[in-house]
Amino acid sequence: MLAQPIVGLHHVTAIASDPQPNLDFYTQVLGLRLVKRTVNFDDPGTYHFYFGDDVGSPGTILTFFPWPNAERGSAGAGEVTHTAFSVPLASIAYWEQRLTERGLLFESSGHRFQEEVLTLADPDGMKIEIVGHADAGAAHAPRFSDVPAEHAIRGLFGVTMLEIDAEETTKTLAVMGFRKVAEEGNRLRFAAVGNGQAPALGDHIDVIVDPHASFGQSGAGSVHHIAFRVANAASQLEWRAEIGKHIQTTAVLDRDYFQSIYFREPGGVLFELATDNPGFAIDEPLESLGERLCLPGWLESRRLELAERLIPIRLHKAKGLA
Ligand code: ZN
């Protein structure tokens, strides 16, 4: 175990189709805050949205590459099939009512381990879970959301990956400081060990093992990768060296809001290690996160051209502050 452990997820990144329904679902239904409106650095005529808590805390972030008219993917082995958000156990009834009032279909999966789970699909069919559990922390409730602060999504609870065989994935997670902490049927649960603190956001990495599963097809509604939290650049380099003894990783890449390395775990899921810093307030004030198009320095000279190519979107802000 290295000096500074990996403490859970930093963010999850997924693929969407049309940007407006994606924006509306995550801000108006789930009550998250759009904490960054930027472009896909590899395809700057399209957006990259970041949703999170009010201040864009690591561990609360779900990001999307919306590609208009993108074909839907299909979930399968080697993929993250479910992305879960954390709420207090007592808030599950609120969320059932909220989803019902909006005419949204959801499934109440009852108890899983010690939690209560609601499962629903986003506009692109991506499977989202709202997980009620006893040790949900305090919320940085998004300032424009109409979800009462006590019921607000705290951040990521974790993810579920589907794998044909978990043996090699288990070894990789062990290198990263995660061990199996629970098992229910063919669901294995991994969590970070060694930080000695209350469960961090995004510290529930579930693996469902199904030797007969077919492989997934990436597309709208698919998770592209999951990023784990490292404290800083020095810690990231240590982890890169450690993981590099077993699996090839990329060099450190500058993502403007964090620094990243990537590697593919043996079961097929793309993993990233992302730093906590510098965070989302580096290029716009906290008060107005997500309201303007933010571009990396190397694209700033193309702002007018890119702004014209991007599909116009409207960010609704509840509480009459729009
Ligand atoms: Zn990422």
Side-chain angles (χ1 to χ4, degrees), residues 6-16 22 26 32-44 46-53 56-67 70 73 78-85 122 124 126 128 155-161 172-173 176 178 192 200-203 205 218-233 235-237 239-240 243 247-265 267-280 282-283 289-290 294-296 299:
I6 296 169
V7 290
L9 294 170
H10 180 285
H11 65 267
V12 171
T13 289
I15 301 168
N22 178 264
Y26 287 99
L32 303 180
R33 186 174 186 194
L34 180 69
V35 295
K36 194 61 62 184
R37 176 193 311 212
T38 184
V39 295
N40 181 338
F41 291 0
D42 298 319
D43 181 10
T46 60
Y47 287 110
H48 191 182
F49 292 156
Y50 291 78
F51 301 100
D53 71 0
S57 308
T60 72
I61 305 295
L62 174 60
T63 101
F64 284 93
F65 295 121
W67 275 301
E79 289 195 346
V80 168
T81 57
H82 294 75
T83 299
F85 289 105
D122 86 353
D124 290 301
M126 176 166 152
I128 298 295
L156 294 167
F157 179 80
V159 290
T160 299
M161 313 192 284
T172 299
L173 287 167
M176 295 166 64
F178 286 69
L201 288 168
D203 193 23
I205 308 300
S218 182
S222 300
V223 169
H224 185 267
H225 65 264
I226 57 174
F228 294 84
R229 279 179 76 183
V230 288
N232 53 44
S235 174
Q236 184 176 54
L237 284 178
W239 279 109
R240 182 173 182 270
I243 292 163
I247 296 179
Q248 192 178 354
T249 74
T250 66
V252 176
L253 298 168
D254 182 4
R255 295 308 193 201
D256 271 24
Y257 309 107
F258 41 84
Q259 293 188 0
S260 301
I261 65 167
Y262 301 85
F263 55 97
R264 199 171 289 281
E265 61 86 21
V269 177
L270 186 59
F271 280 8
E272 173 184 352
L273 298 187
T275 55
D276 279 3
N277 290 325
F280 297 99
I282 189 177
D283 58 357
L289 288 178
C294 288
L295 295 173
L299 284 174

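Atoms considered below: every heavy atom in the structure, side chains included; atoms not considered: hydrogens, waters and symmetry mates. Since the structure is predicted, the reported quantities are computational estimates derived from the model, not experimental observations. Note that ligands are numbered from 1 as they come in the structure, with each ligand's atoms numbered from 1 the same way.
A heavy-atom distance below 4.5 Å is found between the side chains of L201 and T60.
Within a radius of less than 2.8 Å around the Zn ion (ligand 1), the protein N, O or S atoms are H11 NE2, H225 NE2, E272 OE1.
If you check the side chains of E272 and S260, you find a donor sitting under 3.5 Å from an acceptor. Using modelled atom types and a 3.5 Å distance limit, the side chains of H48 and T63 yield a donor-acceptor pair.
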Would V230 and I6 count as a side-chain contact (heavy atoms from CB on, under 4.5 Å) if you check the C-alpha gap in whole Å, the side-chain angles of each, and the deciding distance to 0.1 Å? CA-CA 5 Å; V230 288; I6 296 169; 4.0 Å; yes
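Taking the six-membered ring for Trp, Y257 and F280 have ring centres closer than 6.0 Å.
Relative ring orientation between Y50 and F258 is described as perpendicular, the plane-to-plane angle rising above 60° on a 0-90° scale split at 30° and 60°.
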